[in-house]
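The structure appears below as structure tokens.
These figures come from a predicted structure and were not determined experimentally.
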Amino acid sequence: TTEPVLVTAGATVVVANASGVPGSAGRMTTELATLAFVMVEPAINSTQSGLAASIVQYDPSQAAAQAVAESVARSMGGVTVEPVATPPPVEGGSLGVLVLLGSDQADKTIAQMTAPVAEVAPAPGVSDGTTTDTTGDTTAVTTG
């Protein structure tokens with residue numbers, strides 16, 4: 001299958017720091033700009049602080065905002081996309097697409113967000129909870 005094309009134009013994107021990590025909104029703005037998103041200076045702060053997971057919100061009154069928001073979310077490794085709350089959870093600024101940068105992605109690069117997660121094998125001598133019978137079928141073991 002092919003990756004959907006990123007929609008980078010039609011709505012401006014602003015990153016608001018909701019993580020409490022100083023400077024992370026500015027660094028994420030730079031990261032998203034390298035992917036050709038139309039960025040606005042991260043001059044606003046989120047009224048939500050200590051947000052654990054990043055969220056991408058969009059203004060439903062702007063025709064392309066949802067498509068741009070979905071592209072931003074995919075670029076950030078697949079974060080939640082939703083219409084912007086009323087009132088918006090930011091201080092000032094006009095919105096097309098709003099990235100509420102949570103602590104899960106504060107100070108991460110786009111490459112770090114989209115890198116595949118390595119599968120962890122069990123340590124030698126530690127069962128992973130499956131057994132293989134003589135026919136070659138794998139069966140999960142449940143303990144209770």
Side-chain angles (χ1 to χ4, degrees), residues 1-132 137-144:
T1 62
T2 59
E3 281 288 315
V5 175
L6 288 181
V7 178
T8 59
T12 58
V13 179
V14 63
V15 180
N17 186 350
S19 70
V21 177
S24 61
R27 290 183 287 277
M28 180 53 61
T29 297
T30 301
E31 286 284 316
L32 292 171
T34 64
L35 298 176
F37 288 103
V38 180
M39 303 302 297
V40 175
E41 287 295 317
I44 59 176
N45 289 315
S46 173
T47 56
Q48 296 178 340
S49 61
L51 188 66
S54 299
I55 302 169
V56 178
Q57 297 182 337
Y58 63 93
D59 180 350
S61 70
Q62 294 186 21
Q66 184 174 0
V68 172
E70 289 170 352
S71 292
V72 168
R74 272 197 326 275
S75 298
M76 293 177 66
V79 300
T80 300
V81 177
E82 59 189 34
V84 70
T86 304
V90 293
E91 300 166 358
S94 63
L95 301 176
V97 175
L98 170 65
V99 177
L100 293 170
L101 189 60
S103 58
D104 62 336
Q105 294 179 321
D107 275 348
K108 288 188 179 178
T109 65
I110 295 293
Q112 290 170 324
M113 291 179 203
T114 58
V117 177
E119 189 171 316
V120 179
V126 176
S127 172
D128 66 356
T130 61
T131 58
T132 305
D137 293 333
T138 301
T139 308
V141 176
T142 305
T143 59

Working to the nearest 0.5 angstrom, can you tell me the gap between [X] [atom1] and [Y] [atom2]?
{"X": "Phe37", "Y": "Leu6", "atom1": "CZ", "atom2": "CG", "value": "5.0 Å"}
{"X": "Leu100", "Y": "Thr80", "atom1": "CG", "atom2": "OG1", "value": "11.0 Å"}
{"X": "Ser75", "Y": "Leu32", "atom1": "OG", "atom2": "CG", "value": "7.0 Å"}

*Please report the C-alpha distance between Ile110 and Leu35 in whole Å, then the side-chain angles of each, then the deciding distance to 0.1 Å, and finally whether the side-chain contact (heavy atoms from CB on, under 4.5 Å) criterion is met.*
CA-CA 9 Å; Ile110 295 293; Leu35 298 176; 4.1 Å; yes

Do [X] and [Y] have side chains that approach each other closer than 4.5 Å (heavy atoms only, starting at C-beta)?
{"X": "Tyr58", "Y": "Val68", "result": "no"}
{"X": "Val97", "Y": "Gln57", "result": "no"}
{"X": "Met39", "Y": "Thr30", "result": "no"}

*State whether the side chain of Gln105 and the backbone N or O of Met76 hold a donor-acceptor pair below 3.5 Å, judged by distance alone.*
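Checking the backbone N and O of Met76 against the side chain of Gln105, a donor-acceptor pair under 3.5 Å is found.
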
_Expected output: side-chain Ser54 to main-chain Leu101 donor-acceptor under 3.5 Å_ =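 Pair absent, no side-chain N/O of Ser54 close to backbone of Leu101.
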
*After noting the C-alpha distance and the side-chain angles of Val72 and Val99, does the key distance pass the side-chain contact (heavy atoms from CB on, under 4.5 Å) rule?*
CA-CA 8 Å; Val72 168; Val99 177; 3.7 Å; yes

Give me the atom names and distance for the closest heavy-atom approach of [X] to [Y].
{"X": "Ala16", "Y": "Ala25", "value": "C-CB, 4.2 Å"}
{"X": "Ala73", "Y": "Val81", "value": "CB-CG2, 3.3 Å"}
{"X": "Gly20", "Y": "Pro22", "value": "O-CD, 3.2 Å"}
{"X": "Pro60", "Y": "Pro83", "value": "CG-CB, 4.3 Å"}

*Verify the distance criterion only: is there a donor paired with an acceptor across the side chains of Thr109 and Glu31 at less than 3.5 Å?*
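On atom types as modelled, these side chains do not qualify, holding no pair under 3.5 Å.
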
*After noting the C-alpha distance and the side-chain angles of Thr29 and Glu41, does the key distance pass the side-chain contact (heavy atoms from CB on, under 4.5 Å) rule?*
CA-CA 7 Å; Thr29 297; Glu41 287 295 317; 5.9 Å; no

*Could I get the full list of side chain to side chain donor-acceptor pair (under 3.5 Å) partners for Gln62, not counting sequence neighbours?*
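Expected list: none.
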
*asked:* Test of understanding: with side-chain contact (heavy atoms from CB on, under 4.5 Å), list the residues that count as partners of Val21, not counting sequence neighbours.
replied: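 Val21 satisfies side-chain contact (heavy atoms from CB on, under 4.5 Å) with Ser19, Ser24, Arg27, Ala106, Asp107 only.
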
